[in-house]
Structures are given as C-alpha cells and as structure tokens.
Amino acid sequence: MTKEEFREALKPIGAGLLGRPSQQRYERPHFPIRPIGDMLSDLAEIEPWEWYGYAFSREPLNGKFNDDQRREWMEKSLACGKEYAGIVCREYGTQDPNELAKAMGMNVSYPEFPEKTDRVLFAEFRVPDKICIYMDAVNKAARLFLKPEVTQVLTEGLDVSRLLLAHELFHFVEERYKHEIFTKTEKIRLWSLGFIHNDSNVIAFSEIAAMGFAQEIMKISYSPYLMDVFLVYGYSPEEASGLYEEMMQAAKREPRPAPQEPSVGEETTV
C-alpha cells in the first residue's frame with residue numbers, strides 16, 4: 001500500500017480505527033478544524049465507561065441493544081480487559097508490552113504501511129501469533145508530541161507503538177482463553193424458534209476489552225479510544241475534528257465551539 005492509498009483509506013472516519021469498521025458508502029464531510037490539544041483535553045475527561053455510545057456505534061448488532069445493555073456490557077468488557085492484563089502481567093512478571101510479546105512468542109513487525117487493505121489500520125493482530133504496528137501513523141504521532149498541549153494531556157513518556165501493541169496483545173490473550181473469557185462466552189440471542197435458537201458473539205466486547213487491557217498495562221488515566229482522534233489528526237485535522245464531534249456527542253457532551261474562521265479579506269497572524 002502506498003502513502004497515497006493509505007491516506008485515501010483514512011477517509012471513512014466513522015468506520016473506526018482501533019475498532020471494527022463499517023462497510024457503508026462514504027461521502028466526504030466537512031468539519032471546522034479544532035486544535036489537537038483542545039480536543040484531547042476534552043476527550044481525556046470522558047470516563048472509560050462513558051465511551052459506550054461510541055464503542056457500540058461500530059457494532060453491527062448495535063440496533064438490537066438499548067443503552068442500559070450497552071452501559072452494562074461496556075463495564076463488563078472493560079473489567080474483563082483489566083482482569084486479563086493482571087493475569088498475563090503476573091504470569092510473565094512484566095507490564096512492558098514488548099517483553100510480554102516476546103514471552104508469549106508473538107511475531108511482531110513494524111512496517112511503514114499495511115500491505116493491502118480496504119480499511120484503516122494502524123495496527124492489527126493476525127491469528128495465530130502475528131502483530132503488525134504500522135509506523136507511518138506512529139511517526140506522525142511522535143511529531144505531534146512536540147506540541148506542549150499534547151504532552152500535557154497524553155504525558156510526555158507515552159509510547160504510541162507500545163500502546164498499539166498492548167491493544168493487539170489482548171486479541172492473542174482472548175484466543176488463548178476463548179473457552180472462558182467474557183468476550184467470547186457472552187452471547188446474545190438473535191432469534192429463537194422452539195428448541196432452535198441463534199446466538200451470536202458481539203464484536204464490540206472484544207474491542208472494548210482490548211481498550212481496558214491496554215489502559216491497564218500502560219497505566220494511563222484516559223481511555224485509549226481518544227487515540228482514534230490523535231492518530232487521524234496526523235493525516236487530516238479536519239477529519240479528526242469530525243471524529244471528535246462524534247465522540248463528544250456519543251458521550252452526551254457538548255463539543256467545544258470551533259475557532260472562528262476569518263472572513264474574506266480579514267488578516268490573520270500565525
């Protein structure tokens with residue numbers, strides 16, 4: 001995949017970045033651009049459980065749920081991720097995602113871009129034991145850390161590649177414990193006809209738990225969901241601003257007013 005193809009793939013901001021994408025036809029929207037520090041500051045104030053609206057908006061079965069169910073499952077999935085972070089960290093005696101990956105026998109690579117994809121990927125887990133962290137986005141994020149307003153929210157020592165690795169490690173852990181872990185054993189009944197019924201897994205459980213797993217391992221106070229905005233900003237501040245609006249509204253919060261754009265002929269200073 002070329003750099004131009006990757007930027008083109010970034011366009012569907014509503015499709016999810018660390019989560020699962022939708023396959024809806026995309027029409028490019030337009031959003032007022034907000035400063036990255038302002039957006040991160042607002043998103044960092046959203047409690048992890050409050051992200052249920054955004055988290056489940058990426059779920060194909062979302063229309064079958066109500067908000068009480070979404071909140072309950074959000075809390076259970078986050079707790080699941082944190083529980084298994086504790087399990088594997090105790091087992092291997094480390095909280096470093098790189099050391100955990102080595103101890104688990106993972107094959108971790110750091111290519112610049114995905115080789116071929118029809119959706120946005122900043123990192124991915126491939127069964128049974130392969131993780132790819134795509135460095136173009138990581139390097140763009142590193143340049144954003146030159147902004148004091150970014151380090152003030154995310155902390156100066158945050159390693160984005162390690163955070164992405166921690167998220168993807170959960171999916172390996174999930175496969176290992178698939179016969180007992182909440183994200184695999186909890187199902188919803190789609191339909192029932194007498195003794196015949198159709199039960200389904202919920203994809204969102206896995207992604208939410210991976211966020212809880214990564215947050216616990218990295219010891220960060222904010223939800224890793226805000227990284228969607230942070231990583232997209234390196235490619236398109238406009239689309240990151242649109243994603244910020246969606247996140248704030250999903251959390252039932254008012255987005256910060258956008259800076260006033262100068263009128264035609266109005267002078268601006270940089």
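No experiment lies behind these values; they were computed from the predicted model shown.
Atom NZ of K130 has more than 12 heavy atoms from other residues, nucleotides or ligands within 6.0 Å.
Side-chain contact between K184 and E180 is absent, with no heavy atoms from C-beta onward closer than 4.5 Å. Proximity of M104 to V88: side-chain heavy atoms (C-beta onward) are separated by under 4.5 Å at one or more points. Side-chain contact between I87 and Y177 is present, with heavy atoms from C-beta onward closer than 4.5 Å. Side-chain contact between S223 and I46 is absent, with no heavy atoms from C-beta onward closer than 4.5 Å. You'll find the side chain of I220 reaches within 4.5 Å of the side chain of L163, heavy atoms only.
With rounding to the nearest 0.5 Å, the separation of CG in N198 from CG in L190 is 4.5 Å. F125 CZ to C132 SG: the interatomic distance, rounded to the nearest 0.5 Å, is 11.0 Å. Rounded to the nearest 0.5 angstrom, M247 CE and Y225 OH are separated by 9.5 Å. The distance from the CE atom of M39 to the OG atom of S241 is 4.0 Å, given to the nearest 0.5 Å. To the nearest 0.5 Å, atoms CG (L158) and CZ (F145) are separated by 4.5 Å. In this structure, CD on E254 lies 9.5 Å from CD on E245, to the nearest 0.5 angstrom.
E59 contributes a side-chain N or O that, together with a main-chain N or O of A204, makes up a donor-acceptor pair within less than 3.5 Å. For the pair Y52 (side chain) and D68 (backbone), a donor-acceptor distance under 3.5 Å is absent. S109 contributes no side-chain N or O that, together with a main-chain N or O of P111, makes up a donor-acceptor pair within less than 3.5 Å. Side-chain N or O atoms of S41 include none that pairs as donor or acceptor with a backbone N or O of D38 at under 3.5 Å. Under the 3.5 Å distance criterion, the side-chain polar atoms of E238 are matched with a main-chain donor or acceptor of F31. Counting only distance, with no hydrogens or angles, the side chain of R70 and the backbone of A55 share no donor-acceptor pair below 3.5 Å. Proximity of a side-chain donor or acceptor of Q69 to a complementary backbone N or O of N66 within less than 3.5 Å is detected. Listed for the Y244 side chain is no donor-acceptor partner under 3.5 Å among the backbone atoms of L43. Judged purely by atom type and a 3.5 angstrom limit, D129 has no side-chain atom pairing as donor or acceptor with the backbone of N107. Of the possible donor and acceptor atoms, none in the side chain of S206 sits under 3.5 Å from a partner among the backbone N and O of I203.
Salt-bridge annotation for R58 and E246: present, with a side-chain N of the basic residue lying under 4.0 Å from a carboxylate O of the acidic one. Looking at E50 and R253, a side-chain N of the basic residue comes within less than 4.0 Å of a carboxylate O on the acidic one, giving a salt bridge.
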>> side-chain hydrogen bond (donor to acceptor under 3.5 Å, both in side chains), that's the test. Do E124 and Y134 meet it? Break it down for me.
In response: CA-CA 9 Å; E124 65 175 321; Y134 298 113; 2.5 Å; yes
>> Test salt bridge (charged side-chain N to carboxylate O under 4.0 Å, His left out) on R176 and E91; report intermediate values, then the result.
In response: CA-CA 14 Å; R176 175 192 285 185; E91 179 180 353; 3.3 Å; yes
> Can you check salt bridge (charged side-chain N to carboxylate O under 4.0 Å, His left out) on E149 and R34, steps first, answer last?
Replying inline: CA-CA 13 Å; E149 63 270 28; R34 296 174 174 84; over 6 Å; no
> Where do K252 and D67 land on the salt bridge (charged side-chain N to carboxylate O under 4.0 Å, His left out) test, with the steps shown first?
Replying inline: CA-CA 12 Å; K252 299 179 173 55; D67 265 1; 3.5 Å; yes
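Closest approach of V153 and G37 over heavy atoms only: CG2-O, 4.4 Å.
Ring orientation note: the planes of F65 and F56 are nearly perpendicular, at an angle over 60° on the 30°/60° scale.
Cluster annotation: L146 is not connected to L40 through the hydrophobic network of ILVMFWY side chains, with a link wherever side-chain heavy atoms come within less than 4.5 Å.
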